[in-house]
Amino acid sequence: MKKIHFKKPDVKGAIHKLKNLKKEDVREYWKAKRERRARIIEERRNSAFAKKMKPVYRFMNRFSLVFHALLACIINFAIEAISRHSAAEAWGYMTGTPVVFLYNAFMIFITFSVVYLFKRRVFVRIIISVLWMVLGIANGYMLMKRVTPFNAQDLKMAKDATALINNYFNGFELIILAVGIVAVIIWIISMWKRGGQYEGKLHRVWALIGIIICAVSYGVISDLAVEKRVVSTYFGNIAFAYEDYGLPYCFMASLFNTGINEPNDYNEETIAEISNNGEITKSETGLPDEEKPNIIFIQLESYFDVDEAEFFTTSQDPCPNLHEMYHNYSSGYFKVPSVGAGTANTEFEVLTGMNMRYFGPGEYPYKTVLKNQTCESAATALAALGYGTHGLHNNGGNFYSRAKVYNNIGFDTFTSKEFMNILQTTENGWAKDDILIQHILEAMDTTEQQDFVFGVSVQGHGDYPEEKVLENPMITIEGIEDEGLKNKWEYYVNQVYEMDQFAGNLVKAIEERGEPTVIVFYGDHLPTMGLKAEDLKGRYLYNTNYVIWDNIGLEKVDRNIASYQIMADVFERLDIHSGTVFNYHQERRQTKNYLADLELLQYDILYGKQYVYDGKEPITEGHMVMGVRDVTLTNIVSHLKSGYSLYGENFTKSSKVYVNGEKQKSSFLNNTRIDISDIELQDGDVIVVQQMGSSNTLFRKSDEYIYQDGELKVQEGTATDKTRSWVEQAEEEEE
């Protein structure tokens, strides 16, 4: 066997050459390289293979539009096969709805029209093809991990999603992803160098005219497609929409079709009529201060009453506490805007009273209009009546931009995962909901007046494991033959059981508190289980369940209600009339043009000229503080070798130590101790503990502490200012 010999690199010779390198040598090198490249290209053009292929190339260039159309169809079929995880299903989609398939292929075809502006047409075709295939692969992979397809909102949440990357990728998958990206980049670069160039004369003006004609044609065809209901501009369920209307259309719709289009009859006179000349902006209640109850809304992740499922049975009641509440308090079906996902949109409807139907397909207002714009909400409506307002979520504060959105819609405080010491998590890594109870009570303790608390749970979050991860589940199920599906439902049902225990424990804690209180529990959407209408007693996929618990003697009134109406309904039962949209629901529900006028009102508030306020906006800027407890330091102890132990209160895993403005390597031990290492403190050093969110976001910081003679001296008044918005202060820190 022939041995392979490796030539020893001449390091000294290379260094010598670099030292003696001249400008003329560099110019000569690049000149020689260009000449060599030209020779190679010329040789390829004159090669036997090239000569044989010239007639083929001429034929393909002459009929390039036909080949582009064929390529568009092939790519469309490929991305649908990847998205549906089945070539057979993609074939069924193509043959079953050929008009939709060709409409999507036409969209891809239009993107190929830009190649006529370039000589390197092969390279440009490759780039376009790769982009479409990446879109298909990303969607296919996302649908393996969750029910929601890949859409434009995922791109907008890219920074936030990095904090949850371990929930969607394991180590091996991350390696494969990295290798794949590198391989594609290398291939694209090589095709830039090796791909042939168009030898004919470029007619860029005609090419540009052709592109414009294609774009206009697509616009006309799109309007016709919507009019003839080939596709839709409303996605009640984004997953179903992708299956029905295809990935290209749905993704582009989620990218470009956002917000609310201006209604035809939008003007000041129309809004004056709808608002009864501004009367619906009133803020009043018939309750005296001592009779105003605390109002708590708890949004339960992926919760619904599993007794609604008709295809399996459980070994015991998974929801004993909520079932008892259903029996004794007002309850019913809760109509939500999406299925299997869309937590933030159900949340948006509940908090604002606005209907998601009028927004772009697949849109999350939390990631678009509310991220940088103020808007009234239940928080502002109740704050106007003297309530303290608090948001809580046992997940990251930046996810779905909640920290910024809650600030923009008038909350006083927001306690996110970064301010909780979460010790218990599900087998999937999501925080269990029981942690919320202590933080709800703490938030209420920060004010002397009544409180509005909006809590968002996370325990019931999917994806649900097909393997058996619960060794001794509290509840077992029967009736499902497929082992993987049975394991998923068994896991989910046991999470529902613990969520029900959380609901019962919260009610018990509120009863012990002894204050008049109303608590609304509801599910944000059905779980990601591929449910069909025929699987459920209610025969409707957009229904979860709700109940209104109270200790003030409210009459039990059972009825089904939409998520955008629930807040107005609760307010009306409490004789509270505050918040423009909530007042609108109370006055106009079940009247003529109720929904059409709601669209006009939503447009005016979020995108229009806000005629309804007549220059008196309920909220012009946020004032929210992250968390309700101050992080404090009490003392510092030096280690024998190196490093220090900081002792204090209210530390969490998100507490980071900064010395003189520089982040230190630290170890969180518990809520009273953090160790720092690799530093030797000097007298006069300034120590600060900061609560950090994802993407290195500063949520809140402690007072500054001066290290002096082994002790800490607090500098009062240097912590986060609790009278100002955390966003404003974080931006000042960045400057």
Side-chain angles (χ1 to χ4, degrees), residues 104 107 135 138-139 142-143 146-161 222-223 225-226 231-263 266 299 335-377 398-406 408-409 456 524-526 528 541-542 562-564 581 595-596 598-608:
N104 282 281
M107 182 189 297
L135 184 61
N139 187 53
M142 285 295 189
L143 287 173
R146 67 184 196 190
V147 73
T148 312
F150 184 66
N151 60 81
Q153 307 308 317
D154 290 309
L155 297 177
K156 295 173 183 176
M157 291 189 297
K159 288 185 178 180
D160 300 344
S222 293
D223 291 341
V226 172
V231 295
S232 174
T233 56
Y234 175 70
F235 297 172
N237 180 294
I238 192 170
F240 294 167
Y242 270 62
E243 290 181 4
D244 294 339
Y245 310 134
L247 185 150
Y249 168 74
C250 291
F251 183 84
M252 291 304 172
S254 71
L255 184 63
F256 297 110
N257 187 3
T258 59
I260 304 174
N261 295 325
E262 181 177 330
Y266 174 67
Q299 179 167 291
K335 184 182 177 183
V336 295
S338 57
V339 178
T343 295
N345 282 346
T346 301
E347 186 178 329
F348 167 80
E349 288 202 344
V350 172
L351 281 171
T352 66
M354 296 186 183
N355 192 335
M356 279 301 305
R357 172 173 287 275
Y358 308 120
F359 289 84
E363 180 176 1
Y364 287 90
Y366 275 21
K367 295 300 298 180
T368 53
V369 63
L370 289 190
K371 188 173 182 179
N372 300 299
Q373 178 178 319
T374 57
C375 175
E376 64 175 320
S377 69
N398 275 333
F399 203 51
Y400 283 102
S401 302
R402 278 190 181 90
K404 286 188 176 180
V405 171
Y406 281 12
N408 286 335
I409 61 177
V456 181
D524 59 350
H525 54 72
L526 293 182
T528 57
L541 291 174
Y542 294 89
S563 53
Y564 63 88
V581 180
L595 291 177
L598 176 61
E599 181 182 9
L600 277 160
L601 187 60
Q602 290 183 196
Y603 177 82
D604 182 58
I605 291 172
L606 290 177
Y607 302 97

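Here Tyr366 pairs with nothing under the ring-ring contact (aromatic ring centres under 6.0 Å, His included) rule; sequence neighbours left out. With sequence neighbours left out, Asn104 forms a side chain to side chain donor-acceptor pair (under 3.5 Å) with Tyr93. Every residue two or more places apart in sequence or in another chain that forms a ring-ring contact (aromatic ring centres under 6.0 Å, His included) with Tyr603 is listed here: Tyr266. Contacts of Gln299 classified as side chain to side chain donor-acceptor pair (under 3.5 Å), with partners at least two apart in sequence or in another chain: Tyr522.
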- Query: Please walk me through it: do Val369 and Thr258 pass side-chain contact (heavy atoms from CB on, under 4.5 Å)?
  - Reply: CA-CA 9 Å; Val369 63; Thr258 59; over 6 Å; no
- Check against side-chain contact (heavy atoms from CB on, under 4.5 Å), Leu370 and Ile409: CA-CA 8 Å; Leu370 289 190; Ile409 61 177; 4.2 Å; yes
- Please walk me through it: do Leu598 and Val581 pass side-chain contact (heavy atoms from CB on, under 4.5 Å)? CA-CA 8 Å; Leu598 176 61; Val581 180; 4.2 Å; yes
- Task: Dump the intermediate steps for side-chain contact (heavy atoms from CB on, under 4.5 Å) on Met356 and Ser338, then the final yes or no.
- Result: CA-CA 9 Å; Met356 279 301 305; Ser338 57; over 6 Å; no
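At a threshold of 4.5 Å between non-hydrogen side-chain atoms, the residues Thr343 and His525 count as touching. By the 4.5 Å heavy-atom criterion applied to side chains, Val226 and Val231 are counted as neighbours. Between Tyr242 and Phe150, the closest side-chain pair of non-hydrogen atoms is not below 4.5 Å. For the pair Cys375 and Leu606, the minimum side-chain heavy-atom distance is below 4.5 Å. Side-chain contact between Leu595 and Tyr358: present, with at least one pair of heavy atoms (C-beta onward) separated by less than 4.5 Å.
Rounding to the nearest 0.5 angstrom, the gap separating the CG atom in Asn372 from the CG atom in Asn408 is 7.0 Å. To the nearest 0.5 Å, atoms CZ (Arg357) and CD1 (Ile260) are separated by 13.0 Å. In this structure, CG on Leu247 lies 9.0 Å from CE on Met252, to the nearest 0.5 angstrom. Annotation: the span from Ile605 atom CD1 to Leu600 atom CG amounts to 11.0 Å, rounded to 0.5 Å.
Counting only distance, with no hydrogens or angles, the side chain of Asn345 and the backbone of Glu363 share a donor-acceptor pair below 3.5 Å.
Of all heavy-atom pairs spanning Lys367 and Ser401, the tightest one is NZ-OG, 2.9 Å. Pairing each heavy atom of Gly259 with each of Tyr607, the nearest pair is CA-OH, 3.1 Å. The two residues Cys250 and Ala241 come nearest to each other via the heavy atoms SG-O, 3.4 Å.
Screening Tyr364, Phe348, Tyr564 against Phe359 for a ring-ring contact (aromatic ring centres under 6.0 Å, His included) leaves a single residue, Phe348.
Sorted by first and then second residue, the salt bridge (charged side-chain N to carboxylate O under 4.0 Å, His left out) pairs with a member in residues 339-355 read Glu347-Arg402; sequence neighbours excluded. Within the structure, salt bridge (charged side-chain N to carboxylate O under 4.0 Å, His left out) contacts touching residues 240-263 (residues at least two apart or in different chains) do not occur.
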